[in-house]
Amino acid sequence: MRAASTGGRQAGIVLAGLALGAALAAQAPSQPPDFRSGVDLIEVDAWVVDAEGAPVPDLAAADFEVAVDGEVRPVVEAQFIPLGPAELEPTPARAADSFFSSNSDQPPGRLVVLAVDEESLLFGEGRHVMRAAADFVDKLDPTDRVALLAVPQPAAYIDFTADHDRVRRAVAGLAGRGRPPQGSLNIGLFEAYQIAEYGNAGMEAEVVARVCEDDIGVVACRQLVRAETRQIVNETRRRTEAVRRELESILEGLREIDGPKALVWISGGFVIDGAGLTLREVERRAAAARTTLYVVMLDEPLVDTARQALAPTPRQDRRMQEEGLLAAASLTGGRLLRAGNNPAPLFDRIRSELTGYYLLGVESHPADAERDSLAIEVAVRRAGARVRAGRTVRLPTETADPGEAERVARMLRSPTAVRELPVRVATYAYRMADEPGMQLLAAVEVGAPGGLSPWTVSYLLRDPARTTGWAETLPVTPRLVDGPNGRVLEISLPIPVETPGRYSLRLAVIDAAGRRGSVEHPVRLERAPPAPVAAGDLLVADQALSPTGNIRPPIVAQVASGRLLAYTELYAASPETWERTVVHLEVVGEAEGAVLARGAVTLDDADADADAAVGASRRRVTGIVGVAHLRPGRYLARVRAVHDTTEVARTLRPFRVMAPSPPDR
């Protein structure tokens, strides 16, 4: 196994590839539609909302008008793609869900990046907006994936995750850490540019008359003003250039994640002047990344807190800071939202608008293939409807087959599941003799069998902070088995883990026909056993399928023979513990339900050949339970360790009792 640390970030690392050294994921939140109607089509994302910010979901292709480089083109297809919770059909909760994960149970959701420009906000400012942003994250649907970073890096950073509580806590703790340009004179941003950049002599005379003391000569004062205005301009440009590079880096990282994304940028200002930077590269990368930029701009105090004086040109300064943000939002089809004392409605509006979009298929011309981007204008023929779309669209370039290594790397880096193949995964964790290392067994089940030729299977095991990870890609020959809903392919993977803790296991599969599937599963490996006994995971199977006692780890065991085989491990703090410990193997309907069946268990020394102290601490538990008297259905196997008269450890695993197969005639 190859260990890969993801620490040591540099600016703009978000979404740019951690330990795998490959491009980002290539799967949309839902399977991409097939736009082919006798002509090649240009795909355009369009967000259409009503006056309240709610998506308008019932438009047809004829309701749109799209101009490409100023020429109106036919809109051949218009598909509304829902992303929000209101469009997801609820699924009943199942007690077994925590034991395995399925990509069919990981429906499409929104991809949201929160970016906070902390240096554009004065030190300590913006806490109310951060609280509103935290509430925004808290209200996202569980299927949504959200990322957070503060700029400039290194600063707060969380990669795409479904752990909304972690992001909520992180963003709530952010605040401004910027300071105004240092200087002895009270000169506004607008005044500085007028004097230093545009040579406005009248403005210079006004500033000299206002800021200089009577005992300073006019010539000396003018020199001070010119030096300070140049310092303000240079410092503002440095900050703006740094933020622009960060923004471009974020968009570049998002480029290879298919489907639309939202980048919520919290800022106090972004200054663009005629002699300074342009946003052409931001526009290009946003179009390639299919990313819409929502800008939340904070109002700044009218008092220069560094000098405790009224800012001389607050409206003009504010307009300069706003123009850059407005331009960036407009170029990406987004919008600028001005945050006052109550910014919560702004974030509610963003969340509402992101619950669905249209994917338009616009007729292309042969000459389009000669260009990598096209200018786009989208309009909608519906009273009261408002449409937003980027001003350019990037055309896909013809590239060679990336190969399986890169394809699995992209799937592992994807924040959403790939569902060409239905995949389920369950894990079983046990301690190794040389603690704190652990052995993780991954049971993988793949539907829609496509042959028994070797498959490419890859996994990525990472901790929530994305600071530590292990990855491996290997060929595997699956086993064809009969499941309750037809034949499936099973794979078992041993994954050694060096350090116990909480992890996320992402697993990707490519079958012999080139079809793909991926799934994410939470893994929790206990760091230390609660005294006096701890239990490993419970592994169960039909005894008829494991006559030698060697159990292949299943997703959910199917028992048709009437005899359930069980295995787990117990870990004690001292050898004396076993003398006063009794182990029970039971079958129940629910975790705290009445016992429906009992079985005898055997405890064996798990490390008979190891050091005596090591061997004394670990026991293998095996047992068989008769379940022939139970009706077909779902049950739980339960192992309990009782020390003296107190239950000290418990482990559970679901299984299904199947109706016996009819005898062959």
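By convention here, the first residue in the shown sequence is residue 1.
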| message | The criterion is side chain to side chain contact (heavy atoms under 4.5 Å, CB included); which residues satisfy it with Ala600, sequence neighbours excluded? | response |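 Applying side chain to side chain contact (heavy atoms under 4.5 Å, CB included) to Ala600 gives none.
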
| Residue pairs involving residues 636-647 (criterion salt bridge (charged side-chain N to carboxylate O under 4.0 Å, His left out); sequence neighbours excluded) |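 For residues 636-647: Arg580-Asp644, Glu586-Arg638, Glu586-Arg640, Arg640-Glu647, Glu647-Arg650.
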
| field | Cation over ring face, Arg145 and Phe160, 6.0 Å, 45° | value | no

| request: Please list, chain by chain and in numerical order, all residues satisfying side chain to side chain donor-acceptor pair (under 3.5 Å) with Ser352, sequence neighbours excluded. | output: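 With neighbours one apart ignored, the set is empty.
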
| task | Quick one: list whatever passes side chain to side chain contact (heavy atoms under 4.5 Å, CB included) with Ala535, sequence neighbours left out. | result | Leu570, Ala649, Thr651

| task | Could you pull out all residues at least two apart from Tyr428 that satisfy ring-ring contact (aromatic ring centres under 6.0 Å, His included)? | result | none

| query | For Ala637, which residues count as a side chain to side chain contact (heavy atoms under 4.5 Å, CB included) partner, sequence neighbours excluded? | reply |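 Checked Ala637 against side chain to side chain contact (heavy atoms under 4.5 Å, CB included); matches are Leu538, Val540, Leu564, Phe655.
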
| said: Taking side chain to side chain contact (heavy atoms under 4.5 Å, CB included) as the definition, give me every residue that meets it alongside Ala172, ordered by chain and number, with sequence neighbours left out. | reply: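 Scan of Ala172 (side chain to side chain contact (heavy atoms under 4.5 Å, CB included), adjacent residues dropped) gives Ala134.
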
| message | Tell me every residue that passes side chain to side chain donor-acceptor pair (under 3.5 Å) with Thr622, counting only those two or more places apart in sequence or in another chain. | response |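 Listed in chain order: nothing, the list is empty.
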
| Pairing residues for Thr568 by the side chain to side chain donor-acceptor pair (under 3.5 Å) criterion, not counting sequence neighbours |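 None.
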
| message | Less than 3.5 Å apart, any donor N or O on the side chain of Thr143 or Asp141 sitting next to an acceptor on the other? | response |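 Yes, a side-chain donor-acceptor pair sits under 3.5 Å.
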
| task | Flag this pair as yes if the NZ/CZ of Arg424 is under 6.0 angstrom from the six-membered ring centre of Phe100 and inside a 45 degree cone about the axis; otherwise no. | result | yes

| Criterion side chain to side chain donor-acceptor pair (under 3.5 Å) on Ser101 and Glu520, from CA distance to verdict | CA-CA 7 Å; Ser101 298; Glu520 183 172 354; over 6 Å; no

| task | Please list, chain by chain and in numerical order, all residues satisfying side chain to side chain donor-acceptor pair (under 3.5 Å) with Asp165, sequence neighbours excluded. | result | Arg168, Arg169

| field | salt bridge (Lys or Arg N to Asp or Glu O under 4.0 Å) partners for Asp348, two or more places apart | value | Lys139, Arg351

| Glu569 bridged to Arg431 by N-O distance under 4.0 Å | no

